[in-house]
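What follows is a set of notes on a single structure, which appears directly below.
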Amino acid sequence: MFSKIIRRTHMYLALFLTPWMMIYAFSTIVMNHSEYFRKRYGGGTVSYVKESEQTYEGTFISGAGPRVIARQILGSLSM
C-alpha cells in the first residue's frame, strides 16, 4: 500500500514539474548560448546605452578588498 502511494506521488509530481523544468532548461540554454541564437535567427548585436557618468572623488585604502571598496562607494552614494 505504502509503495503504491509513493509511486503515484512520484508520477504525478513528475508530470506536474516536467513542463516547468523544460522551460527552465530551454531558457538557460538560450541565455548561455545567446551568440549562437543571435547569429542564427538574425538578431542584432546588443548595444548598451550609458545612462550617466560620475567622477568619484574618494580615495581607497591601499590593499582594500572589493567588498570594502564597494561599501565605500555605496556609502558615498547613500545607498
Side-chain angles (χ1 to χ4, degrees):
M1 178 68 179
F2 183 70
S3 74
K4 187 175 182 180
I5 293 171
I6 295 292
R7 282 196 318 250
R8 292 253 171 143
T9 303
H10 185 264
M11 180 183 70
Y12 287 118
L13 188 62
L15 287 172
F16 177 73
L17 293 178
T18 298
W20 177 80
M21 290 287 289
M22 296 301 289
I23 291 170
Y24 183 77
F26 181 71
S27 66
T28 303
I29 290 170
V30 170
M31 286 190 295
N32 284 331
H33 303 285
S34 60
E35 287 295 321
Y36 171 77
F37 288 100
R38 245 186 250 122
K39 288 177 186 175
R40 182 155 179 129
Y41 297 108
T45 59
V46 178
S47 60
Y48 297 99
V49 178
K50 188 184 296 186
E51 189 172 311
S52 67
E53 186 172 328
Q54 298 178 4
T55 305
Y56 183 68
E57 302 295 330
T59 57
F60 301 112
I61 312 167
S62 62
R67 289 186 183 268
V68 174
I69 294 171
R71 280 194 192 118
Q72 184 177 337
I73 293 171
L74 290 174
S76 68
L77 294 172
S78 301
M79 296 179 92

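Just so you know, residue 1 is the first one in the sequence shown, and it goes up from there. These numbers were taken from a predicted model, which means no experiment stands behind them.
Put simply, CD1 on Ile23 and OG1 on Thr18 are 11.0 Å apart, with the number rounded to the nearest 0.5 Å. Going from atom OG1 of Thr28 over to atom NE2 of His33 covers 10.0 Å, rounded to the nearest 0.5 Å.
Residue Met11 qualifies as enclosed at atom CE: its count of foreign heavy atoms under 6.0 Å is above 12. Heavy atoms from other residues, nucleotides or ligands lying under 6.0 Å from CG of Leu15 number more than 12. Within a 6.0 Å radius of CZ in Phe60, more than 12 heavy atoms belonging to other residues, nucleotides or ligands are found. Applying the 6.0 Å contact sphere to OH of Tyr12 captures no more than 12 heavy atoms from other residues, nucleotides or ligands.
Considering only heavy atoms from C-beta on, Tyr56 stays 4.5 Å or farther from Leu77 through its side chain.
Contact detail for Thr59 and Gln72: the closest heavy-atom pair is O-NE2, 2.7 Å.
The same ILVMFWY cluster, assembled from side-chain heavy atoms under 4.5 Å apart, contains both Tyr36 and Val30.
Judged as a salt bridge (Lys or Arg N to Asp or Glu O under 4.0 Å), the pairs with a partner in residues 23-37 (not counting sequence neighbours) are, in order, Glu35-Arg38.
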Using the side chain to side chain contact (heavy atoms under 4.5 Å, CB included) rule, take His10 and Arg7 through it: C-alpha gap first, then chi angles, then the decisive distance, then the call. CA-CA 5 Å; His10 185 264; Arg7 282 196 318 250; 5.7 Å; no
